[in-house]
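One structure is given here, and the rest of the page talks about it.
These numbers were taken from a predicted model, which means no experiment stands behind them. Residue numbers start from 1 in every chain, and the chains themselves are labelled A, B, ... in the order their sequence lines are given, proteins ahead of strands. Because only heavy atoms are used, hydrogens play no part in the values below, and waters and symmetry mates are left out as well, while side chains stay in.
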There are 2 protein chains.
Amino acid sequence: MLDDTLTAIADPTRRAILARLATGEARVTDVARPFPISLNSVSKHIRMLERAGLVVRRVEGREHFLALDPRPLDEAAQWIDQQRRLWSRTLNELEKVLNDA
Amino acid sequence: MLDDTLTAIADPTRRAILARLATGEARVTDVARPFPISLNSVSKHIRMLERAGLVVRRVEGREHFLALDPRPLDEAAQWIDQQRRLWSRTLNELEKVLNDA
DNA sequence: AACATATTCACCTCTTGGGGTGAATATCAG
DNA sequence: CTGATATTCACCCCAAGAGGTGAATATGTT
């Protein structure tokens, strides 16, 4: 799941979609409008965000409303913070390498 | 840069390499040893980690010593934390969607 | 029924990631 | 010089991401 989450947020278009949804629920078409790419491409990005669990969908008639689920981000933030703590021990090694270069 | 960082840490092999380097400096061969894949593949993963700025290299004779640079993680952590704060406003919308499903 | 809207499905292309192998390069040890 | 070690380079293959177009499906409107 971490893999899917990190892959999902690694793409700038998908990060922009998430930022848009942070302003509130929106339909697929609404999400797609600002982008210079086709509706279809946006639909595929949304599917990847759903696979990562970052976006949930509520179907109402022919309209699909999208909302954010922040929970998968917790795992990602946890991994990053843990690594940052572990790596601080090795900063002297980093400096050795940087000085050499 | 954020793209490269997130792409780099989205792969489990690369996360394992980073975890290995968190225990201290190591040569390419040392890093590669535990993995069931070829030395060449590990070398390519390391190149991606270098492109993301997460790993720096110090060449000493024929040996290449690798060390971590945690700084790119700061930007990633910052983006995630910011989004988590922004998204908390929309949690009621999420519940609406979840209840519907 | 007829038409428009919202979204996806099915296919195509191009690029990139992840894996492999074998050769090249550079360095170290006899 | 010879041989072993460390790493990369130059290819190959396959899967997946990112983009496109056109058709299909489902729903709403008149």
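Between A/Glu50 atom CD and A/Leu66 atom CG the span is 6.5 Å, to the nearest 0.5 Å. Taking OG1 from B/Thr13 and CZ from B/Phe35, the interatomic distance works out to 6.0 Å, rounded to the nearest 0.5 Å. The CG atom of B/Leu49 sits 10.0 Å away from the CD1 atom of B/Ile9 when rounded to the nearest 0.5 Å.
Under a cutoff of 6.0 Å and an axis angle of 45°, A/Arg58 and A/Phe65 form a cation-pi pair.
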Under 3.5 Å, which protein N or O atoms sit close to an N or O of nucleotides 28-30 of chain C? Give each pair with its distance.
none

Show each protein N/O and nucleotides 19-23 of chain D N/O combination with a separation under 3.5 Å, one pair to a line.
from   : atom 1 : to      : atom 2 : distance (Å)
D/dG19 : OP2    : A/His45 : NE2    : 2.4
D/dG19 : O6     : A/Lys44 : NZ     : 2.9
D/dG20 : OP1    : A/Ser38 : N      : 3.3
D/dG20 : OP2    : A/Ser38 : N      : 2.6
D/dG20 : OP2    : A/Ser38 : OG     : 2.9
D/dG20 : OP2    : A/Ser41 : OG     : 2.9
D/dG20 : O6     : A/Lys44 : NZ     : 2.6
D/dT21 : O4     : A/Asn40 : ND2    : 2.5
D/dG22 : O6     : A/Asn40 : ND2    : 3.0

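Look at CD on A/Glu63: it is 13 Å from C1' on C/dA4, rounded to the nearest Å. As a whole-Å value, the separation of B/Met48 CE from C/dT15 P is 18 Å. As a whole-Å value, the separation of B/Leu49 CG from C/dG17 P is 12 Å. Rounded to an integer number of Å, the gap from A/Ile46 CD1 to D/dG17 P is 16 Å. Note: CZ (A/Phe35) to P (C/dT7) measures 15 Å, nearest angstrom.
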Would A/Arg20 and A/Asp30 count as a salt bridge (charged side-chain N to carboxylate O under 4.0 Å, His left out) here? Give the steps.
CA-CA 9 Å; A/Arg20 164 66 179 84; A/Asp30 299 330; 5.2 Å; no
Determine whether A/Leu68 and A/Leu54 satisfy the following criterion, side-chain contact (heavy atoms from CB on, under 4.5 Å), listing intermediate values before the conclusion. CA-CA 6 Å; A/Leu68 296 172; A/Leu54 290 163; 5.8 Å; no
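A/Met48 is not connected to A/Ile46 by any chain of hydrophobic side-chain contacts under 4.5 Å among Ile, Leu, Val, Met, Phe, Trp and Tyr, and they are in different clusters. By the criterion of side-chain heavy atoms lying less than 4.5 angstrom apart, applied directly or through intervening Ile, Leu, Val, Met, Phe, Trp or Tyr residues, B/Leu6 is not grouped with B/Met1; the two fall into different hydrophobic clusters.
Both B/Arg47 and B/Arg27 sit near DNA chain D, but only B/Arg27 has its closest nucleotide nearer the 5' end.
Each of D/dG17, C/dG17, C/dG18 was ranked by its minimum atom distance to the side chain of A/Arg51; first place goes to D/dG17.
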